[in-house]
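Keep in mind the model is a prediction, meaning the values are calculated, not measured.
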Amino acid sequence: MPDMQQSPDSRNIPIDKVGVKGIRYPIVVQDKTRQWQHTVARVNMYVDLPEHFKGTHMSRFIEILNRYHGAVSVDNLEEILAEMKRRLESSCAHLELDFPYFIEKAAPVSGARGLMEYQCRMVGSLGEQFDFVLEAAVPVTSLCPCSREISEAGAHNQRSTVRVRIRYRKHVWLEDLIALVESCASAPVYSLLKREDEKAVTEQAYANPMFVEDIVREVTRRLRQEEKITWFAVECENFESIHNHSAYALVEDVRPAPG
């Protein structure tokens with residue numbers, strides 16, 4: 001049968017990324033407490049395409065993924081990318097995994113336990129060198145310092161999302177990264193709270209007011225202290241409770257170079 005993908009293209013335009021998106025697939029993630037956590041990721045797979053090829057072989061992406069059924073993890077990401085390059089005759093391959101990660105958290109007073117879901121992401125690329133970025137989106141509570149200062153009673157607060165991306169030289173646990181972010185907000189978010197817990201979390205937030213700028217600066221300060229991390233970006237979005245807009249701030253890799 002004719003191979004249309006391998007037929008020549010006369011437009012002389014290379015393509016940076018071509019592939020498949022939105023594959024739902026089981027993966028395995030390292031779990032600090034239980035060693036491994038099985039979850040389901042939304043997978044994107046791409047390669048570059050030279051200007052002289054008309055198309056890429058989309059079915060090969062699925063074939064490669066199926067070879068690692070039930071065992072796709074950060075440990076074999078580079079191996080998968082290398083096979084993508086070889087099978088698809090490309091110079092660069094990309095693999096993106098978006099997945100929910102669950103951590104059991106205890107409420108601050110009652111100790112009631114519940115599972116918190118965090119949306120996480122692993123992005124791997126392999127050209128001449130392997131590159132890996134780990135990302136976590138962490139829901140937190142923020143309380144407005146201005147509102148607390150000018151109000152005779154109460155202050156407005158809101159749910160916020162802190163999204164942090166890192167590159168590292170030694171393994172960083174998702175649990176540790178998430179805990180670091182939660183400690184930099186007005187208060188954490190929990191899946192299960194009793195009345196005594198709600199009182200404690202509300203009072204914690206009121207005692208610790210933070211602008212969106214405060215949160216990204218505090219996360220940045222803490223990430224700078226982590227020697228294992230070689231690059232990071234942190235952004236925060238506050239879904240304002242009394243405004244018809246969100247507040248947003250971003251900091252990327254502002255750590256001073258080693259002396």
Indicate yes or no for a side-chain donor-acceptor contact from [X] to the backbone of [Y] under 3.5 Å, with no hydrogens or angles considered.
{"X": "R169", "Y": "E227", "value": "yes"}
{"X": "D31", "Y": "T33", "value": "yes"}
{"X": "S183", "Y": "L180", "value": "yes"}
{"X": "S147", "Y": "P145", "value": "no"}
{"X": "R159", "Y": "V140", "value": "no"}
{"X": "S73", "Y": "D75", "value": "yes"}
{"X": "N208", "Y": "A187", "value": "no"}
{"X": "R60", "Y": "R87", "value": "yes"}
{"X": "D197", "Y": "V109", "value": "yes"}
{"X": "S125", "Y": "D131", "value": "no"}

Is any NZ, NE, NH1 or NH2 atom of the basic residue among [X] and [Y] found under 4.0 Å from an Asp or Glu carboxylate oxygen of the other?
{"X": "E51", "Y": "R11", "answer": "no"}
{"X": "R67", "Y": "E63", "answer": "no"}
{"X": "D48", "Y": "K17", "answer": "no"}
{"X": "D98", "Y": "R42", "answer": "no"}
{"X": "E182", "Y": "K105", "answer": "yes"}

Examine [X] and [Y] and state if one hydrophobic cluster contains both, with Ile, Leu, Val, Met, Phe, Trp and Tyr joined whenever side-chain heavy atoms are less than 4.5 Å apart.
{"X": "V28", "Y": "L81", "answer": "no"}
{"X": "V164", "Y": "M116", "answer": "yes"}
{"X": "L192", "Y": "I178", "answer": "no"}
{"X": "V138", "Y": "Y248", "answer": "no"}
{"X": "I23", "Y": "M84", "answer": "yes"}

Quiz item: Counting only heavy atoms not in R121, do more than 12 sit closer than 6.0 Å to its CZ atom?
Solution: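 Yes, because the 6.0 Å sphere around CZ of R121 holds more than 12 heavy atoms from other groups.
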Practice problem: Dump the intermediate steps for side-chain contact (heavy atoms from CB on, under 4.5 Å) on C92 and H94, then the final yes or no. | Solution: CA-CA 7 Å; C92 191; H94 309 272; 3.5 Å; yes
Determine the minimum heavy-atom distance between [X] and [Y], stating which atoms define it.
{"X": "L143", "Y": "N157", "value": "CA-CB, 3.8 Å"}
{"X": "N44", "Y": "K21", "value": "OD1-CA, 3.2 Å"}
{"X": "A106", "Y": "G111", "value": "CB-O, 3.9 Å"}
{"X": "K170", "Y": "K228", "value": "CB-CD, 3.6 Å"}
{"X": "L174", "Y": "E135", "value": "CD2-O, 4.5 Å"}
{"X": "S142", "Y": "M210", "value": "CB-O, 4.0 Å"}

Do [X] and [Y] have side-chain heavy atoms sitting under 4.5 Å apart?
{"X": "E235", "Y": "V216", "answer": "no"}
{"X": "R165", "Y": "L134", "answer": "no"}
{"X": "P108", "Y": "L193", "answer": "yes"}
{"X": "M58", "Y": "V18", "answer": "yes"}
{"X": "L177", "Y": "L223", "answer": "yes"}
{"X": "E203", "Y": "K199", "answer": "yes"}
{"X": "I103", "Y": "Y118", "answer": "yes"}
{"X": "E252", "Y": "F232", "answer": "no"}

What's the separation between atom [atom1] in [X] and atom [atom2] in [Y], rounded to the nearest 0.5 Å?
{"X": "H38", "Y": "F99", "atom1": "NE2", "atom2": "CZ", "answer": "13.5 Å"}
{"X": "S90", "Y": "Y46", "atom1": "OG", "atom2": "OH", "answer": "14.5 Å"}
{"X": "I64", "Y": "L88", "atom1": "CD1", "atom2": "CG", "answer": "5.0 Å"}
{"X": "M45", "Y": "L65", "atom1": "CE", "atom2": "CG", "answer": "5.0 Å"}
{"X": "H243", "Y": "F239", "atom1": "NE2", "atom2": "CZ", "answer": "15.0 Å"}
{"X": "C144", "Y": "E240", "atom1": "SG", "atom2": "CD", "answer": "7.0 Å"}

If you measure only the distance, is there a donor-acceptor pair under 3.5 Å linking the side chains of [X] and [Y]?
{"X": "Q158", "Y": "H156", "result": "yes"}
{"X": "S110", "Y": "E196", "result": "no"}
{"X": "Q119", "Y": "Y101", "result": "no"}

Practice problem: Check step by step if side-chain contact (heavy atoms from CB on, under 4.5 Å) holds for F61 and V47. | Solution: CA-CA 10 Å; F61 291 103; V47 293; 3.8 Å; yes
Quiz item: Name the one of V251, V219, V162, D214 that satisfies side chain to side chain contact (heavy atoms under 4.5 Å, CB included) with C236?
Solution: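 Only match with C236 under side chain to side chain contact (heavy atoms under 4.5 Å, CB included): V162.
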Quiz item: Looking at F132, is R167 sitting on its ring face, NZ or CZ under 6.0 Å from the six-membered ring centre and within 45 degrees of the normal?
Solution: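 Judged by the rule, R167 and F132 form no cation-pi pair.
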Exercise. Take E237 and S246 through the side-chain hydrogen bond (donor to acceptor under 3.5 Å, both in side chains) test and state the conclusion after the steps.
Key: CA-CA 6 Å; E237 182 174 2; S246 295; 3.1 Å; yes
Quiz prompt | Audit row: E83, Y68, side-chain hydrogen bond (donor to acceptor under 3.5 Å, both in side chains) steps and yes/no | solution = CA-CA 11 Å; E83 184 165 352; Y68 294 88; 3.3 Å; yes
Practice problem: Might you work through the side-chain contact (heavy atoms from CB on, under 4.5 Å) test for V133 and M122, ending with a clear yes or no? | Solution: CA-CA 6 Å; V133 175; M122 295 189 292; over 6 Å; no
Practice problem: Determine the interplanar angle of the Y168 and H171 rings, folded into 0 to 90°, and report it as parallel if under 30°, tilted if 30 to 60°, perpendicular if over 60°. | Solution: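 Rings of Y168 and H171: perpendicular, as their planes differ by over 60°.
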